[in-house]
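Note that the coordinates shown come from a computational prediction; the quantities given were computed from them, not determined experimentally.
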Amino acid sequence: MIKELEKAYQPQDIEKRIYKIWEKSGYFNPDKLPGKRKQIFSIAMPPPNVTGELHLGHATAITLEDIMARYHRMAGDKTLYLPGTDHAGISTQVMVERLISKSGLSKHKLGRVEFIKRVWDWKKKYGSRITEQIRQLGASCDWSREHFTMDPTLTKAVQAAFIKMFNDGLIYRGKRIVNWCPRCSSALSDLEVKHQETSSKLWYLKYPLFGSTKYLIVATTRPETMLGDTAVAVNPNDKRYKSYINTKALLPITNREVPIIADKRVDMNFGTGAVKVTPAHDHLDYEIAQDHKLEIINVIGPDNRMTKQAGEFYGQSVQDARHNILKRLEQEELLDNTVDYIHNLARCERCSAPIEPLISEQWFVRIDKLAKPAIKAVKSGKIKIIPARYEKVYFHWMNNIKDWCISRQLWWGHQIPVWYCGQQYEASKKIMGFHKDVVPQVCAGKIKTYRLRDHGFKPGDKISFESSQTGKIFGIGTITSIKRVTVGAIQLDDPAHGTTYKKRSGLIAAFKRHHPDQSINDDTKVFIYTYIFNPSAKTEGCGEIIAAVGQPKKCPKCKQTNHIRRDPDTLDTWFSSGLWTFSTLGWPEKTQDLKTYHPTTVMETGWDILFFWVARMIMMSQYFMKEVPFKYIYLHGLVLDRHGKKMSKSKGTGVDPIPMMEKYGTDAIRLSLILGTSPGQDFRLYEEKIASYRNFINKLWNVSRFILSQDAAPPKKLAINSTADQWIVSRLQQLINSTTENINHHRFSEAGLALYDFLWHELADWYIEITKTEKNISVLYYVLEYFLKLTHPLIPYVTEEIWMRWKGEARSNMLMIQPWPQADKKFIDKKIEKNFFLLKDFTVVVRNFRAKHKIPAGEKIHVYYWGPQSSLINDNSEIIKLLAKIESLNNEQQKKLTGSLPGLDYYIDWQQDNKQKDKEVEKISKYIQKLEGKLSNKEFTKKAPKQVVEQEKAKLAEQQEKLQKLL
RNA sequence: GGGUCUGUAGCUCAGUUGGUUAGAGCGUACGAUUCACAUUCGUAAGGUCAUAGGUUCAACUCCUAUCAGACCCACCA
C-alpha cells in the first residue's frame with residue numbers, strides 16, 4: 001500500500017509507531033538477526049542513573065552508540081547493544097532523602113529497611129522513565145538483556161568480585177584518613193570530592209615556645225582543628241626557624257606540648273612558613289604524621305561536632321567551636337592577625353556539603369597491582385582511546401592513583417558481603433540492660449529515650465542490638481548524627497538510627513518480622529531485650545573477618561555461632577559499574593553470551609568519567625577476565641549551552657532533550673549532537689541549531705516525496721542517460737565509500753556532514769532541479785534507496801518511515817537490517833563530476849539572468865556564449881568564469897554538456913559590471929603571481945614531486961589564458 | 001604548582017596523514033519561487049586561519065615563544 005506522504009515531516013506519531021515495529025521485530029537481539037553473522041560487534045551502554053532524567057549527555061552518548069550499532073548491524077555483524085541502568089548509590093540516596101524531607105521525613109526517622117523500600121518504590125516508579133526516553137531516542141538496544149546494577153544477578157557478580165578480591169588480598173580494611181561528608185554521613189573516594197573556591201579567612205595563631213617567652217606564629221583556615229594538633233612543622237631549609245627544630249611548642253588552650261619538626265612538604269612562602277599539624281583532619285598532615293610517627297588526635301566526629309578529645313569544646317558544632325576557640329585565643333592574646341583568604345574548599349560532589357577529612361575504618365582496594373595491567377592494556381594498543389590525547393591523561397592518572405576507598409556508610413547500594421566474629425562490636429558496657437521494666441511500657445505504647453551521650457557514647461561508635469530472648473543480633477550500625485536512641489521505638493534492623501513505632505501494632509509487626517518462629521498475637525507480651533554494646537572493649541568473638549555471600553553459621557576460626565554479624569556498609573557505586581561489561585553478560589557464570597560478546601568492541605562515554613568508570617572497568621576486567629573490557633574507547637565532548645558554559649538545571653541554561661525531540665523530531669536532535677563536533681571536544685547546543693537539522697530532515701522528506709510521487713513505478717534496472725545521471729551516480733558511489741570509511745574510523749561528524757551535503761546541495765539543489773523536465777526515475781529511485789541506507793544509522797526514524805512507504809513494492813524487510821551498501825566502482829567517474837560543476841555554474845548564470853530581467857519561467861532564454869572571440873564575453877564575470885572552465889573541455893564534451901541542459905537555447909544579454917571584472921582580474925593576477933613565484937623557485941622545481949610541479953605549471957597556463965580573455 | 005584543550009567569516013563550528021584560490025550552518029544584503037520543500041531556492045558581502053619567530057620546495061596543518069580563554073589533576077595550611 002502506498003500512503004501519501006504529508007507535505008511536511010511530522011515526527012511525533014511516526015517515531016512511536018516505528019520504534020514499536022523495530023522492537024517487535026526482535027532484530028535488536030543479535031540472536032534473532034537474519035543471515036549468518038560471524039563478526040561480533042558489542043557495545044555496553046553506560047548505565048544512566050535509574051532515577052535520573054535523560055539529559056543531553058545521555059542523548060549524545062546514546063546517539064553515538066546507536067549509530068555504531070545500526071551501522072554494524074547493517075554491515076552484517078552480530079550486533080549487541082546492551083542497555084541498563086545504575087543504582088547510583090549516593091546521588092539516588094540524596095535525591096530520595098530530599099524528596100522525603102519535603103514531607104517532613106528523614107531517613108533516620110524511617111530506618112534502613114523502610115528507607116530502602118522507599119528507594120525501591122522510587123526506582124519502580126521512575127526507573128522505566130529513563131528507559132522509555134532511551135527508546136524515544138531510537139536506541140536499537142536489546143531490551144531482553146537489560147540490566148540494573150542491583151539486579152540479583154549483578155548483585156551476585158558484585159559479591160563474587162568482592163570475595164575474590166578479598167581472598168586474594170586486594171581488598172583490605174584499614175583505619176585511614178578519608179574524605180568524610182557529614183551530611184551524607186559517609187566516606188567518599190577522592191574522585192567524589194570537588195574543590196570550589198570559597199572565600200574565608202586566614203587566622204594567624206601564636207603558639208608559645210616551650211620554656212621561652214617567644215611565639216611561633218602559624219596560619220590556618222581552620223582554627224578549631226588546633227585542638228588536635230600534634231606538631232608544628234617548618235621547612236628544613238627555612239633559616240628563620242632552623243633553631244626551633246626539635247624543640248617544643250605549647251599548644252594554646254590545652255597547654256599540650258607538641259614537637260616542632262622539619263618537613264620538606266612545608267611551603268616556606270605560604271603564611272608564616274610554620275604550619276600546625278593536625279593529622280586527624282588534614283590529608284597532608286596525616287602523611288606528615290605517618291612519616292614522623294606523630295600522635296593522632298581525633299577532635300571532630302562524623303557528625304561534624306567536636307569529640308570528647310576536644311575537652312571543654314566537646315559536643316559543640318565545628319562552627320561554634322571555631323568561634324569559641326577564636327574568642328579564647330583573642331582573650332589570651334594568642335590571635336595575631338586575621339586576613340581575608342580565598343581557598344579551594346573540598347565539597348561533596350553530590351550534596352555540596354564541605355568535606356571533613358577524618359580518620360575512619362574503611363575498606364580499600366589495593367590499587368597498584370590492578371593499575372599495572374590496566375596501563376599496559378592501553379600502552380600495548382589493545383585498547384585505543386579516541387581521541388588519542390586522552391591516553392596521556394589516562395597514564396598520568398593511573399601512575400598516580402591511590403588506594404580506592406570502596407566502603408560507603410550509605411543504605412542504598414550493595415551491602416558489603418563481610419561478616420565479623422565479634423570484636424568490632426563486642427560488649428563491654430551494658431548501658432541499658434534491658435530493662436525489663438521498660439518493655440511493658442513499650443508495649444503499652446510508652447516510649448523512653450536515652451541520650452547516648454549520657455552513656456559515654458560518641459558519634460562514630462559502632463553499636464549493636466541484640467534480643468536477649470533469642471540471642472539474635474538485629475542489627476549493627478554507626479552512631480552518626482542522632483543524639484539519642486529511643487528504646488522500644490527502634491526499628492529492629494537499624495537501631496542506631498531509631499525509627500519510631502508509636503503504636504504497639506507497629507512494634508509487634510517488627511517483632512514478627514524478626515522472629516518469625518515465635519507465635520504472637522495482639523495480647524502477647526512482647527519482650528524485646530536489647531543491649532547496646534560499646535565497641536571499645538573486648539569480650540566474645542575472635543575478630544575473624546569472613547567474606548561470604550550468606551551469613552556463616554559459625555565462625556570458621558573460633559567455631560562460635562553467636563557473634564557473627566554483617567558489616568553495615570555498602571559499596572561504592574563504581575565498584576559495581578566497574579564490572580559492567582562482563583557482569584551484564586552473566587559473569588561469574590561462564591555463559592555463552594560472555595564467550596561471544598566479551599571483550600566488547602567499543603566503550604562510548606564522556607571524557608568526564610574516564611577516571612570514575614572507564615579506568616576502573618579496565619582494571620577490573622583485566623583482573624577478573626584476564627582481558628580488556630573493550631577495544632576502543634570513544635570519548636565524546638560535553639554539551640555546553642550557547643555561551644559555552646556547562647548546562648545547569650538550576651540556572652535554567654540547560655536544554656532538555658525531551659521537549660526538543662517532541663518539537664523537532666528525534667532525528668534532528670541526533671544530528672545536532674553529532675554534526676560539527678569532534679571527539680573529546682566540548683560543543684555548544686541551542687535551539688536554532690536543532691531547527692536547522694530539522695530543516696534537513698524535512699528536506700529529505702520532500703525529496704522522497706518528490707521521487708515517490710512520480711507516476712511511474714520504481715524501475716528494476718538502473719538506466720544512466722545523461723551527464724547529470726552519470727554525475728549523481730558517481731557521486732553516490734563516492735559517498736558510499738566515504739561514509740563507510742568515516743564510520744569505520746569513528747568520524748561520525750564527517751560522515752554526517754558529507755551525507756547532509758550530498759542530499760541537499762547535490763541531489764536536491766542540482767540533480768533534481770536540472771532533471772526536472774526530463775526525469776530519470778530509475779536514477780532517482782536508485783539514489784534514494786542507497787541514500788536511505790547510508791543515513792539510517794544517523795537518522796533512523798525518518799529513513800525507516802520513507803523506506804516503509806516505498807512505492808509499488810511490498811517491503812517485508814525493514815531498512816534497519818538491509819545490507820550496508822557497497823560502492824560500484826564502474827560508476828565512479830571523476831571527470832564527469834568535474835564537468836557537472838561547469839554545468840552547475842552555467843545554470844546559475846542562466847537563472848540569474850532570468851531573474852534579473854524578469855523573464856517568465858515559460859519563456860525560452862537564448863544564450864550566446866561560445867568561443868573566446870565572442871563579443872559577449874566581455875563583462876559578466878560569472879560567464880567568464882564559466883567559459884574559462886568550459887573551454888578546457890573538448891568539443892565533444894561541450895556537446896554533451898549542452899545537450900544535457902534541456903530547454904536552453906543560449907542567449908544572454910547583460911550589463912556591464914566593471915567592478916566585478918576588476919575584482920576577478922585582481923584575483924587571478926594575484927594567483928598567477930603566486931604560481932610564478934613558486935615555479936621560479938629552483939628549490940621547488942628541484943625538490944617537489946614531479947607531479948606537483950606539473951600541476952602547478954598547468955595551473956599557471958590555465959590562469960594566464962583566463963586572464964588574457966578577461967583583458 | 002603540574003597537565004590538557006581552544007583561538008579559522010558578525011555568531012556557532014568543520015578542515016582526516018603538510019600539497020587546488022581555506023569551508024558549512026545561522027545571521028546580513030539583494031533577488032527568485034503556481035508544477036517535492038517558505039522548515040524552499042540563487043547570488044553576494046564578510047577571513048593578514050590569535051601574535052611573533054622557525055622547519056620545509058610548500059604551513060590553517062609541524063616546532064618554539066608570547067597573548068587570551070576553558071578545563072583537569074594536585075598536599076598551599
Quote, to the nearest angstrom, the P distance that separates B/U21 from B/U12.
29 Å
Given B/C26, B/U16, B/A77, which nucleotide is nearest the side-chain atoms of A/Ser692?
B/C26
Establish, with yes or no, whether the OP1 or OP2 oxygen of B/A14 is under 4.0 angstrom from a side-chain nitrogen or oxygen of A/Ser678.
yes
Calculate the interatomic distance between A/Met398 atom CE and B/U4 atom C1'; express it in whole Å.
18 Å
The contact string for nucleotides 5-10 of chain B, one letter per nucleotide 5' to 3', using protein heavy atoms under 4.0 Å with B, S and - for base, sugar-phosphate only and none, comes out as SS----
Looking at every strand, decide which applies to A/Arg684 at a 4.0 Å heavy-atom threshold: base, sugar-phosphate, or nothing.
sugar-phosphate
Could you identify the nucleotide paired to B/U12, looking across every strand shown and requiring Watson-Crick or G-U wobble geometry with both distances under 3.5 Å?
B/A24
Roughly, in whole Å, what's the span from CD in A/Glu762 to C1' in B/G42?
17 Å
Considering only heavy side-chain atoms of A/Phe270, the closest of B/C37, B/C57, B/A77 is B/A77
Give A/Tyr664 one of three labels, base, sugar-phosphate or nothing, depending on what nucleic acid heavy atoms sit under 4.0 Å from its own.
nothing
Mate of B/A59 across any strand shown (Watson-Crick or G-U wobble, both atom pairs under 3.5 Å) is none
Find the distance A/Leu753:CG to B/A24:C1' and express it as a whole number of Å.
7 Å
Between B/G18 and B/C62, how far apart are the C1' atoms? Round to whole Å, please.
8 Å
Can you establish whether the number of heavy atoms outside A/Lys194 located under 6.0 Å from its atom NZ is more than 12?
yes
Rounding to an integer number of Å, can you tell me how far A/Phe696 CZ sits from B/U40 P?
12 Å
B/G23 and B/A9, which share atom name P, separated by this distance in whole Å:
14 Å
At under 4.0 Å between heavy atoms, which parts of nucleotides 70-75 of chain B does protein reach? Answer with one letter per nucleotide, 5' to 3': B base, S sugar-phosphate only, - none.
-SSSBB
What is the separation between atom OH on A/Tyr693 and atom P on B/A14, rounded to the nearest whole Å?
11 Å
Heavy atoms only, 4.0 Å cut-off, all strands: where does A/Ala691 land among base, sugar-phosphate and nothing?
nothing
Heavy atoms only, 4.0 Å cut-off, all strands: where does A/Tyr286 land among base, sugar-phosphate and nothing?
nothing
So what does A/Lys689 hit on the nucleic acid, given a heavy-atom distance under 4.0 Å: a base, only sugar-phosphate, or nothing?
sugar-phosphate
Euclidean distance for C1', B/U66 against B/G7 (whole angstrom)
14 Å
Using the C1' atom as the point on both nucleotides, what is the distance between B/A68 and B/U28, in whole Å?
28 Å
Can you tell me the pairing partner of B/A65 across any strand shown, Watson-Crick or G-U wobble, with both distances under 3.5 angstrom?
B/U51
5' precedence on RNA chain B between A/Leu763 and A/Arg222 (nearest-nucleotide basis):
A/Leu763
Euclidean distance for P, B/U16 against B/A22 (whole angstrom)
15 Å
If I take atom CG in residue A/Leu759 and atom C1' in nucleotide B/A24, what distance separates them, rounded to the nearest angstrom?
15 Å
Electrostatic pair A/Asp291-A/Arg265, nearest N-O below 4.0 angstrom
yes
Given the P atoms of B/C63 and B/G47, what is the spacing between them in whole Å?
29 Å
How many Å lie between CD on A/Glu688 and P on B/U28, as a whole number?
12 Å
Test item: side-chain donor near acceptor, A/Glu741 and A/Ser738, under 3.5 Å:
no
For A/Asn742 and B/U16, is the shortest distance between a side-chain N/O and OP1 or OP2 below 4.0 Å?
no
With a 3.5 angstrom cut-off on both distances, give the Watson-Crick or G-U wobble partner of B/G31, or none if there isn't one.
B/C41
Aromatic ring proximity, centroids under 6.0 angstrom, A/Tyr341 and A/Phe270
yes
Can you find a heavy atom in the side chain of A/Ile728 that is under 4.5 Å from one in the side chain of A/Phe758?
yes
Tell me whether the rings of A/Tyr693 and A/Tyr756 are parallel (<30°), tilted (30 to 60°) or perpendicular (>60°).
perpendicular
So, is A/Tyr756 near the phosphate of B/A14, with a side-chain N or O under 4.0 Å from OP1 or OP2?
no
Distance test, side-chain N/O of A/Arg747 to OP1/OP2 of B/U16, below 4.0 Å
no
Centre of A/Phe395's six-membered ring, under 6.0 Å away, within 45 degrees of the axis: is that where NZ or CZ of A/Lys392 sits?
no
